[in-house]
Each structure stands twice: as structure tokens, then as C-alpha cells.
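See below for the structure under consideration.
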Amino acid sequence: MAWVHMDSAALGDSVLDLYERDGVYMIRVDGWELMNGEYHESEDRLGELAAQLARRPDPDILVGGLGLGFTLASLHRHLGAAGRVTVAELSEAVIRWFDRHTKPRTLGDHPFRIRQGDVLAVAAEGSAEGPAFDVILLDVDNGPEPLSAAGNAALYGADGLGTLRQALKADGILMVWSAFEDPEFVGRARSAGFSPASLPVFRPGRAEPFHLVYVLSASPFRPGELDRFGLQPL
Ligand SMILES: C[S@@+](CC[C@H](N)C(=O)[O-])C[C@H]1O[C@@H](n2cnc3c(N)ncnc32)[C@H](O)[C@@H]1O
């Protein structure tokens with residue numbers, strides 16, 4: 001069965017499209033697949049890892065962006081009733097599609113807050129009254145390069161990384177989903193004061209890593225932490 005086109009929406013100079021096939025959704029940006037509900041292992045793993053890596057039992061977590069909501073649903077599965085989750089989503093249409101169509105059934109009735117806007121602005125706002133977040137989790141592009149919005153270059157540069165670090169508590173963690181390795185981004189993260197590590201994400205039955213998650217700690221990793229989570233220091 002072919003994907004059925006359901007809706008289009010502008011996002012800055014780009015166009016987002018929502019497709020559906022057999023109850024599974026896909027979002028494309030300018031024709032490129034941004035999120036496909038057929039494969040969400042790494043989005044699930046991202047949420048699980050964020051819940052596990054948080055260094056407080058009742059963490060404040062900022063997620064950017066919403067997409068099809070798999071990371072959000074996974075976070076809640078692994079946080080249980082603990083913590084507070086805020087999702088920043090740039091596109092009003094993605095939020096509308098989530099409310100009408102795409103919200104994963106596994107999300108249940110866990111409470112969360114969706115803010116429409118740039119995750120960098122939401123992070124900066126949170127930090128005006130002091131460091132706000134235990135974990136900030138970025139899955140807005142295909143890696144630390146702008147894809148879904150040209151303005152996202154700001155997120156991965158020295159200033160953006162500095163803003164994100166200020167929005168984190170002293171032992172907070174920034175996580176960045178990526179489809180590729182980016183040593184220059186790692187260098188900028190180190191210059192911004194982060195201790196960098198990465199986690200390869202495997203697809204069931206495959207020997208080669210599928211994606212990776214950059215795990216950038218605002219404080220040095222604690223003894224045993226890297227091994228416990230299978231993180232590779234960079
Ligand atoms: C790859 S999808 C996220 C997938 C999501 N983790 C999931 O589980 O479905 C990227 C999302 O980030 C949003 N986005 C892009 N740039 C953003 C930004 N600067 N701030 C907030 N959301 C952004 C896009 O509109 C899109 O909904």
C-alpha cells in the first residue's frame with residue numbers, strides 16, 4: 001500500500017508534509033524523510049536513555065522537537081510518574097497533527113507541556129531564572145546540522161551550545177540524536193565546557209550501528225557512568 005498524503009504546512013522557507021499508511025505516519029521536510037513511524041528504535045532509545053541518565057530522581061527534561069511523539073512516549077514509559085517534561089516544537093502544524101492523528105497510543109495519560117517555538121528560545125527562557133533543566137534532548141534535525149529549519153545552525157554553534165549549557169543544571173546533560181559522526185561539533189561542545197561521549201544505537205538483528213546519540217555532560221562523567229550506559233568517551 002502506498003503512503004497517503006494527508007496535509008502540508010510551511011515551516012519558514014521549507015514545506016512539511018504528513019503521510020499515513022496503515023495507521024503509521026511519516027513527516028517529510030522538502031521531500032526528505034524527517035521522521036518515519038515505521039522505524040522508531042533510536043527515538044525510543046533516546047527517551048529511555050534520557051530518563052536513565054538524569055542525575056536526579058525527579059528531573060526536569062526539555063525535548064526538542066515533537067515529531068511523531070515517540071521520544072516523548074518513551075520518556076514517559078521510563079520516567080513513570082517522576083519528573084516534568086516540556087516539549088518545544090517549532091511547527092504549529094506538527095502540534096496539530098499530533099493532537100488529531102499522530103499521538104502514539106503508548107503515550108497514555110502522562111502529563112507533559114508542549115510549547116510552540118524554537119527549542120533554543122525555550123531553553124534560554126528557562127535559564128533566565130537560573131539553570132532549569134536536568135536533561136535537554138535534541139532531535140530536531142538528522143544530526144548537528146540544520147535540516148528542518150535553516151535557523152537550526154544556531155543550535156549547534158558555539159553560542160547555541162553555550163546557551164544550552166547555561167540552561168542546564170550544573171550536572172545536567174545535553175543529548176543530540178545524529179545519523180552521522182561530526183568531530184567538529186564534538187570539538188565545539190568541548191570548548192563550550194561539555195564532557196562529550198557518544199552512544200551507538202543498533203537496530204535489532206544488525207551488527208552495524210544505525211544512529212548515534214551524542215551525550216554531552218555539563219560536569220565530568222561520574223565513575224562507572226560511561227560503562228553503565230555503554231557510552232564511548234570522545
Ligand atoms: C526528527 S523530528 C523529531 C522526532 C521525534 N523524536 C519523534 O520521536 O517522533 C524533528 C522535529 O523537530 C521539529 N523542529 C525542528 N527544528 C526545531 C527547533 N529549532 N525547535 C523546536 N522544534 C524543532 C520539527 O518540526 C520536527 O517536528
Side-chain angles (χ1 to χ4, degrees), residues 7-20 24-30 32-51 61-78 85-99 101-107 110 112-126 133 135-157 159-161 163-164 167 174-180 201 210-214:
D7 200 8
S8 291
L11 181 62
D13 292 337
S14 304
V15 176
L16 295 178
D17 288 292
L18 177 69
Y19 293 84
E20 189 263 356
V24 175
Y25 293 91
M26 170 173 64
I27 297 174
R28 286 190 178 155
V29 56
D30 291 337
W32 292 87
E33 195 172 293
L34 184 62
M35 180 62 211
N36 185 337
E38 279 180 352
Y39 317 104
H40 49 90
E41 294 91 347
S42 61
E43 288 76 12
D44 294 348
R45 186 77 183 100
L46 194 62
E48 177 183 8
L49 192 67
I61 298 184
L62 174 62
V63 180
L66 177 61
L68 298 175
F70 287 105
T71 300
L72 176 63
S74 168
L75 249 178
H76 279 300
R77 267 200 307 284
H78 293 93
V85 179
T86 302
V87 182
E89 170 54 53
L90 203 52
S91 159
E92 177 273 329
V94 168
I95 298 173
R96 181 162 30 86
W97 295 340
F98 179 80
D99 289 336
H101 309 288
T102 63
K103 189 174 183 173
R105 280 189 218 101
T106 51
L107 189 52
H110 287 288
F112 55 89
R113 220 157 57 111
I114 297 184
R115 299 273 315 272
Q116 193 204 332
D118 188 332
V119 63
L120 192 58
V122 173
E125 205 180 280
F133 298 106
V135 178
I136 298 176
L137 192 165
L138 296 183
D139 180 13
V140 298
D141 295 304
N142 261 350
E145 276 181 8
L147 170 75
S148 54
N152 281 356
L155 272 174
Y156 313 116
D159 289 351
L161 285 166
T163 300
L164 292 167
L174 172 64
M175 299 169 63
V176 182
W177 186 98
S178 185
F180 51 86
V201 179
F210 174 50
H211 292 134
L212 68 119
V213 179
Y214 284 114

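Remember, it's 1-based here, ligands and their atoms both numbered in the order they're listed.
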For ligand 1, find each of its N or O atoms that sits under 3.5 Å from a protein N or O atom, and tabulate the pairs with distances to one decimal place.
{"residue": "ligand 1", "atom": "6 (N)", "partner": "Thr71", "partner atom": "OG1", "Å": "2.9"}
{"residue": "ligand 1", "atom": "6 (N)", "partner": "Asp139", "partner atom": "OD2", "Å": "2.7"}
{"residue": "ligand 1", "atom": "8 (O)", "partner": "Phe70", "partner atom": "N", "Å": "3.0"}
{"residue": "ligand 1", "atom": "8 (O)", "partner": "Thr71", "partner atom": "N", "Å": "2.9"}
{"residue": "ligand 1", "atom": "8 (O)", "partner": "Thr71", "partner atom": "OG1", "Å": "3.2"}
{"residue": "ligand 1", "atom": "9 (O)", "partner": "Leu68", "partner atom": "N", "Å": "2.8"}
{"residue": "ligand 1", "atom": "9 (O)", "partner": "Gly69", "partner atom": "N", "Å": "3.3"}
{"residue": "ligand 1", "atom": "16 (N)", "partner": "Asn152", "partner atom": "ND2", "Å": "2.9"}
{"residue": "ligand 1", "atom": "19 (N)", "partner": "Asp118", "partner atom": "OD1", "Å": "3.1"}
{"residue": "ligand 1", "atom": "19 (N)", "partner": "Asn152", "partner atom": "OD1", "Å": "2.8"}
{"residue": "ligand 1", "atom": "20 (N)", "partner": "Val119", "partner atom": "N", "Å": "2.9"}
{"residue": "ligand 1", "atom": "22 (N)", "partner": "Leu90", "partner atom": "N", "Å": "3.1"}
{"residue": "ligand 1", "atom": "25 (O)", "partner": "Glu89", "partner atom": "OE2", "Å": "2.6"}
{"residue": "ligand 1", "atom": "27 (O)", "partner": "Gly67", "partner atom": "N", "Å": "3.2"}
{"residue": "ligand 1", "atom": "27 (O)", "partner": "Glu89", "partner atom": "OE1", "Å": "2.7"}
{"residue": "ligand 1", "atom": "27 (O)", "partner": "Glu89", "partner atom": "OE2", "Å": "3.4"}

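Here CH2 of Trp97 is found 9.5 Å from CG of Leu68. Values are rounded to the nearest 0.5 Å.
Between the Ser178 side chain and the Gly143 main chain, no donor and acceptor come within less than 3.5 Å of each other. Panel note: side chain Asp7, backbone Leu18; no donor-acceptor pair is recorded below 3.5 Å.
Shown here is Asp13, whose CG atom has no more than 12 heavy atoms of other residues, nucleotides or ligands within 6.0 Å.
A heavy-atom distance below 4.5 Å is found between the side chains of Leu72 and His76.
Using cut-offs of 30° and 60° for the angle between ring planes, the Phe70 and His40 rings count as parallel.
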